[in-house]
Amino acid sequence: MKFRDTLSGSLREFVSIKGNRIRLFVCGPTVYDLIHMGNARTFVFFDMLARYLRMRGFEVFYLQNITDVDDKIIKKAEAGNIDWRDVADRYYSEYLTDCLYLGITSVNLHARATNYIDRIISQIRRLIRRGYAYVSDDGVYYDTSKFSDYGKLSKQKLDRIRHGARVDVRESKRKPEDFALWKFSDGHPSWDSPWGKGRPGWHIEDTAITETYFGSEYDIHGGAVDLIFPHHEAEIAQMRAISGRRFLSRYWIHISYLLFDSGNVDKMSKSLGNVVTVRELSRKYSGEELRYFLLNSRYSSELLFSEPILKSSSEGWKRLQKAFSVLSSMDLCNDMACAKYPPFEKVIEAMENNLDSREAIAFLHQLASSVFQGDLSTEDLHRIYHTFLFANGFLGIFRSVSGNTEMIIKQLIELRNRYRKAGKFDVSDDIRNSLMKAGVKIEDSGGDTTWMMIG
RNA sequence: GGAUAGGUGGCAGAGUGGUGAUGCGUGGGACUGCAGAUCCCAUUUAUUAGGGUUCGAAUCCCUACCUAUCCUCCA
């Protein structure tokens, strides 16, 4: 398997550090608001990656941090006159709700920053001892001039950077590119430290968390492209200064932006105020539809979003979902591992080539067409069904229902067809409407009636 | 000013040297109690522009223009 690695800037064959065990870390949200589709793109992608790796036989420990102490959380708490912990708790739980909706099931551990204050302090102490950090009048800062590889990930040449291009430079820093490890503060929240009361800087929480579970080096670090500089640059500087190793993470995967076409085309972000939340969309679209839209693109390319675009994507999703429903109702072998009918290699080939989920989806569409065209051998049908099941294991784009529900639906459809044959269309239409209300869409074609879960 | 990724049909979006995937949309036909879906056919010269390399370029090189993003809030 190969994918684009940010540090080397090229496609690299993936080799794990320790056999079939993979340690994956992905930057999670700052819990001060609901997540939007741009956030979802990153989280859905890494969910797919973790699931895929597991299906390929790797044992993946997927760790994600939750930033639960941050200026934005504090600001929100002050504005609403509530405790900052309540803000963090609430939006953490909203985040988990959205993840559930999006079918994100692969994270082993969500690590909340405030549970790792001791480790954060320990890391800062080690950085100061090794001469990589200094105490200033408003906090403890990392001295970037001591770390020669600073800027390597983002390919920035520090002498060419325009300081303060967007954010004012603090005078308490020795160099503009130095970053805060600890911010002095008496208010809430604050913790005691050897240098004074305060709260951690943003970058140090991640290395504290990864060191706790992974040690100083691990396999894959993921996030969106806006975290490359300075966040991930800072993480590398912190951990490598402490460990003396060549790497923090062996591979870096960055997800490109979701652009929002709302008249102007910009990246979707809270600070630009052009967000569409997952919660909002959940009223009109299923989590599977949203996943389909997000995974039907290459992670390394920008993806354009607008409601009309999502809607047309959704039409494509319905076609695939229908094919899946048809296959599910055909009484085919359910055991994906069954050696007699292996899934087509094409799906794996697509994924091995830079995690190209959109190529996998395009192939499923080809299979769907052949299913609709008919004239397939039983063996082909088995293999196609297994390919759908296999792909769905990591794509998570198809809906299915429990055996009991399925039985009831089938019986209702049978009943409806009896009324249809008898010409009692008012009754049969009532049954169809009732099923529709329950999210079951049925269609008559030829002599058969097919059904699928929608909405 | 520096850096990164791009510019492909009406729309979204693949494709790194050998007539351009896939989905949506549009027009026509078949099927159909209705609805919907599906199938068939069509959408006939879609690769930002201009140069260059090559038997051959969306793909490699150069120039220009354009878009998004980063340069210490950000998924």
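Because the structure is a prediction, the values reported are computed rather than measured. The basis for the numbers below is simple: all heavy atoms, side chains too, and nothing from hydrogens, waters or symmetry mates. In what follows, chains carry the letters A, B, and so on, assigned in the order in which the sequence lines appear, proteins first and then strands, with residues in each chain numbered from 1.
- We find that CG of A:L304 is positioned 15 Å from C1' of B:A5, with the value rounded to whole Å.
- Of the residues in residues 355-365 of chain A, those with a non-hydrogen atom less than 4.0 angstrom from any atom of RNA chain B are A:R358, A:E359, A:A362, A:H365.
- RNA chain B is contacted by both A:M37 and A:K322; A:K322 maps to the nucleotide lying nearer its 5′ end (nearest heavy atom per residue).
- Atom OH in A:Y92 sits roughly 17 Å away from atom P in B:A75 (whole-Å rounding).
- For A:H232 and A:W252, the gap between ring centers is short of 6.0 Å.
- Base contact: A:G38 has a heavy atom under 4.0 Å from a base atom.
- Nucleic acid contact for A:K318: none, since no nucleic acid atom lies under 4.0 Å from a heavy atom of the residue.
- One can find a donor-acceptor pair under 3.5 Å joining the base of B:A35 and the side-chain atoms of A:R432.
- A:E233 comes within contact range of no nucleotide atom at all, as no heavy-atom separation falls under 4.0 Å.
- A:S286 and A:E289 are linked by a side-chain donor-acceptor pair at a separation below 3.5 angstrom, with hydrogens and angles left out of the test.
- Atom pair A:Y292:OH and B:G13:P shows a separation of 13 Å (rounding to whole Å applied).
- Base pairing of B:U4: its partner is B:A68, meeting the Watson-Crick or G-U wobble criterion (both donor-acceptor distances under 3.5 Å).
- Within the 4.0 angstrom heavy-atom criterion, base atoms lie near A:E302.
- Regarding A:D47, its CG atom lies at a distance of 15 Å from the C1' atom of B:A75, rounded to whole Å.
- One interatomic measurement links the two molecules: CG of A:L258 to C1' of B:G13, which rounds to 14 Å at whole-angstrom precision.
- Taking for each of A:V225 and A:S312 the nucleotide of RNA chain B with the nearest heavy atom, the 5'-most of the two is the partner of A:S312.
- Using a 4.0 Å heavy-atom criterion, one finds that A:H36 contacts the bases of the nucleic acid, with or without backbone contacts as well.
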